[in-house]
There are 2 protein chains.
Amino acid sequence: MTEPMYRRIAEDLRARIESGAIPQGTKLPTETELRDRYDGAARNTVRDAIKLLASRGLVETRPGRGTFTTRHVDPFVTILTAVRPPAADEPGLGGGEGEDAFAEIGQQGRTTSASGPQVSVQQAPDDVAARLQIPPEAQVVCRRRELVVDGTPLSLRTEYYPFDFVTAGATDLVQAGSLPGGATSYLEQRLGLVQVGYQERILVRPPAKDEAKFLEITDNGRVAVIVRTRYQAARRPFWVTVTVLPAERVELVINSGTVPDDHTAPVVA
Amino acid sequence: MTEPMYRRIAEDLRARIESGAIPQGTKLPTETELRDRYDGAARNTVRDAIKLLASRGLVETRPGRGTFTTRHVDPFVTILTAVRPPAADEPGLGGGEGEDAFAEIGQQGRTTSASGPQVSVQQAPDDVAARLQIPPEAQVVCRRRELVVDGTPLSLRTEYYPFDFVTAGATDLVQAGSLPGGATSYLEQRLGLVQVGYQERILVRPPAKDEAKFLEITDNGRVAVIVRTRYQAARRPFWVTVTVLPAERVELVINSGTVPDDHTAPVVA
DNA sequence: GCAAATTTGTTCGTATGTATT
DNA sequence: CAATACATACGAACAAATTTG
């Protein structure tokens, strides 16, 4: 009934970290030091304890440097949908306006930098094809951007449009620059497409290799994926946005009706 | 530049699993068999490979039984907020009506069973106190339920109300049974509280021990937590609901405006 | 820029404990 | 109870990343 040693070691370290005895962002003793400290446990046993803590996100190890307690940054608060009480003159759709439809606010006073969109034409990924209701082999235009806030990578966002849109006249979609006036108004002017609704689906999964690298998350981290499908008249989808976020560093907020104005403070736990 | 052996083994197994060569839910070869198969690598090395796959959710190991590929159940689709185009006679709030405000739909034809609420009075957790704008030492009524769908645990939901509500007349809050007509109408009848808006905050974190046990998620899994704060007149919070879900087995959906009716199909990736 | 020292990462072998069949 | 299979633990050696002198 006794707990295994590596768990006892992990538990002891966890208590020290959470009590503040080992402050955030500081270096733990080295593995050999910990080995001596814990009654001569083998280094591999100490390593197992550290792996357990790492899988719970309490510490991070860096080759050649040491093991560090994770710095708990305030999660980025992302407002998904802000539905206000409908006024008579409003379409009442809420959100979804302009290029920056997911408003990453709650970060006033923070330095934001976005990479210019990386544009490509490729076969649609299966899920995107399904969302756009196009054949799996159809071509789509991808416009991908990386967003960094205060030096911390925040999101990988890819917009998907049917390639038909380009041949139909929306030729700027395949240009690398920003779209004049934003994608929403561009698509309306060029193709007469007007958004009447959208759906957001949120899921959590382990990161792909490139996602882990850019978002600086470890092997056992997770990403939150937001798939936004926009619909035009006759409930036809015409535009899919996939946003990949570091799940443990973000908080998604949905407001509905009348709520207080200050929705910036993250919930503590 | 060569990858470590345990990663190569993991990569090979991953490919076999994802190609379908090892079907879902089947048992992998035993560790000793894998050791022989991979050029006599040590058993510990094979175990490292398996741990890597386990941390990505591809396999699960059970002591004494073996290592099994995870069965990919269709994620439960949970509709968070369904905002319809506002009609003239509608408050336009969307969602938030009745006891079952987070409608776990998309599971038609599935057997649902909820535990009767477990009721307790306790000091408010820090985050709940902050949401309810009450002092940290204030008492709250907790009503906790466990929801199981088709034999698979789906959610742990706890409702928090200020204890003041009980002394003010809402005495049934501390009764274990269901509230007559749902909590929303009960609070309105007894205390005149009317909801004018709500906020949902979604975050992802490692599970607490009891959450991991009930939701049947492994050490390196994650839970998604939905904190819903309901507001009454003057933007005063009066009710907080915390829902804990197995992050990898759910998909959250938000509809806004006019969208197709069939929002049941999960996105594949 | 290089070499040495430090620290974590990978791999092996072995032994024993615990859960399941 | 016996056999099987995963879990824990130890010790050792070398590799790779990083810092320091």
Side-chain angles (χ1 to χ4, degrees), chain A residues 1-14 17 22 25-70 209 212-213 216 218-221, chain B residues 1-14 17 22 25-70 209 212-213 216 218-221:
Chain A
M1 194 56 250
T2 60
E3 284 280 285
M5 174 158 312
Y6 79 100
R7 285 182 191 274
R8 290 207 305 272
I9 296 174
E11 177 57 26
D12 185 69
L13 289 172
R14 188 195 60 76
I17 292 168
I22 306 176
T26 46
K27 185 173 167 301
L28 260 60
T30 67
E31 292 172 355
T32 38
E33 281 168 347
L34 288 172
R35 178 198 58 184
D36 298 338
R37 192 160 314 190
Y38 288 103
D39 194 30
R43 179 162 85 100
N44 274 339
T45 305
V46 169
R47 281 176 61 75
D48 281 346
I50 291 175
K51 278 181 205 161
L52 192 57
L53 296 176
S55 84
R56 305 217 173 139
L58 283 157
V59 302
E60 271 175 52
T61 72
R62 280 174 254 192
R65 298 199 52 196
T67 301
F68 300 81
T69 52
T70 49
K209 197 163 279 183
K213 191 176 176 190
E216 292 173 9
T218 57
D219 260 0
N220 39 46
Chain B
M1 195 54 251
T2 60
E3 284 280 286
M5 175 159 309
Y6 78 100
R7 285 181 191 273
R8 290 207 305 271
I9 295 174
E11 177 57 25
D12 185 70
L13 289 172
R14 188 195 59 75
I17 292 168
I22 307 177
T26 43
K27 186 174 168 303
L28 259 61
T30 67
E31 292 172 353
T32 38
E33 281 168 347
L34 288 172
R35 178 197 58 185
D36 298 338
R37 193 160 313 190
Y38 288 103
D39 195 30
R43 185 176 150 237
N44 275 338
T45 304
V46 170
R47 279 176 63 74
D48 282 345
I50 291 174
K51 277 181 206 161
L52 192 58
L53 296 176
S55 84
R56 304 215 175 143
L58 283 157
V59 301
E60 270 176 54
T61 72
R62 280 175 253 189
R65 299 196 52 195
T67 301
F68 300 82
T69 52
T70 49
K209 197 162 279 182
K213 191 177 175 190
E216 293 173 9
T218 57
D219 261 359
N220 38 46

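Note on naming: letters A, B, ... go to the chains in the order of the sequence lines (proteins, then strands), and numbering restarts at 1 for each one. Predicted model, so just to flag it, every value in this text is computed and none were measured.
- Taking atom OH on Tyr6(A) and atom C1' on dC6(D), their separation rounds to 12 Å, with Å as the unit.
- For the pair Glu33(A) CD and dT6(C) P, the interatomic distance rounds to 11 Å; values are reported in whole Å.
- The backbone N or O of Val59(A) lies less than 3.5 Å from no partner atom in the side chain of Thr69(A), so there is not a single donor-acceptor pair.
- For Thr61(A) and dG9(C), the shortest distance from a side-chain N or O to OP1 or OP2 is below 4.0 Å.
- As rounded to whole Å, 12 Å separates atom C1' of dT8(D) from atom NZ of Lys51(A).
- Contact annotation for Arg47(A): base contact, defined as any heavy-atom pair under 4.0 Å involving a base atom.
- At a cut-off of 3.5 angstrom, counting only N and O atoms as typed in the model, there is no donor on one side facing an acceptor on the other between the side-chain of Arg7(B) and the base of dG9(C).
- Taking the nucleotide of DNA chain C with the nearest heavy atom to each of Arg65(A) and Asn44(A), the more 5' of the two is matched to Arg65(A).
- For Thr45(A) and Arg62(A), each mapped to the nucleotide of DNA chain D holding its nearest heavy atom, the one lying further toward the 5' end belongs to Thr45(A).
- Rounded to an integer number of Å, the gap from Arg35(B) CZ to dT11(C) P is 16 Å.
- Without hydrogens or angle criteria, Arg43(B) side chain to Arg35(B) main chain gives no donor-acceptor distance under 3.5 Å.
- Atom CE in Met5(B) sits roughly 13 Å away from atom P in dT10(C) (whole-Å rounding).
- Leu34(B) places its CG atom 14 Å from the P atom of dC12(C), with the value rounded to the nearest Å.
- Thr67(B) comes within 4.0 angstrom of the backbone, heavy atoms only, and of no base.
- At whole-Å resolution of the value, CZ in Phe68(A) and P in dT6(C) are 17 Å apart.
- A donor-acceptor distance shorter than 3.5 angstrom exists from the side chain of Thr70(A) to the backbone of Leu58(A), with no hydrogens or angles considered.
- Ranking dC6(D), dA13(D), dA17(D) by closeness to the Arg43(A) side chain, first place goes to dA13(D).
- Position along DNA chain D of the nearest nucleotide to Gly64(B) versus Ala42(A) favours Gly64(B) as the more 5'-ward residue.
- Between Asp12(A) and Tyr38(A), the closest side-chain pair of non-hydrogen atoms falls below 4.5 Å.
- At whole-Å resolution of the value, CD in Glu31(A) and P in dA17(D) are 16 Å apart.
- Comment: Glu11(A) engages Arg14(A) in a salt bridge, judged by a side-chain N to carboxylate O separation of less than 4.0 angstrom.
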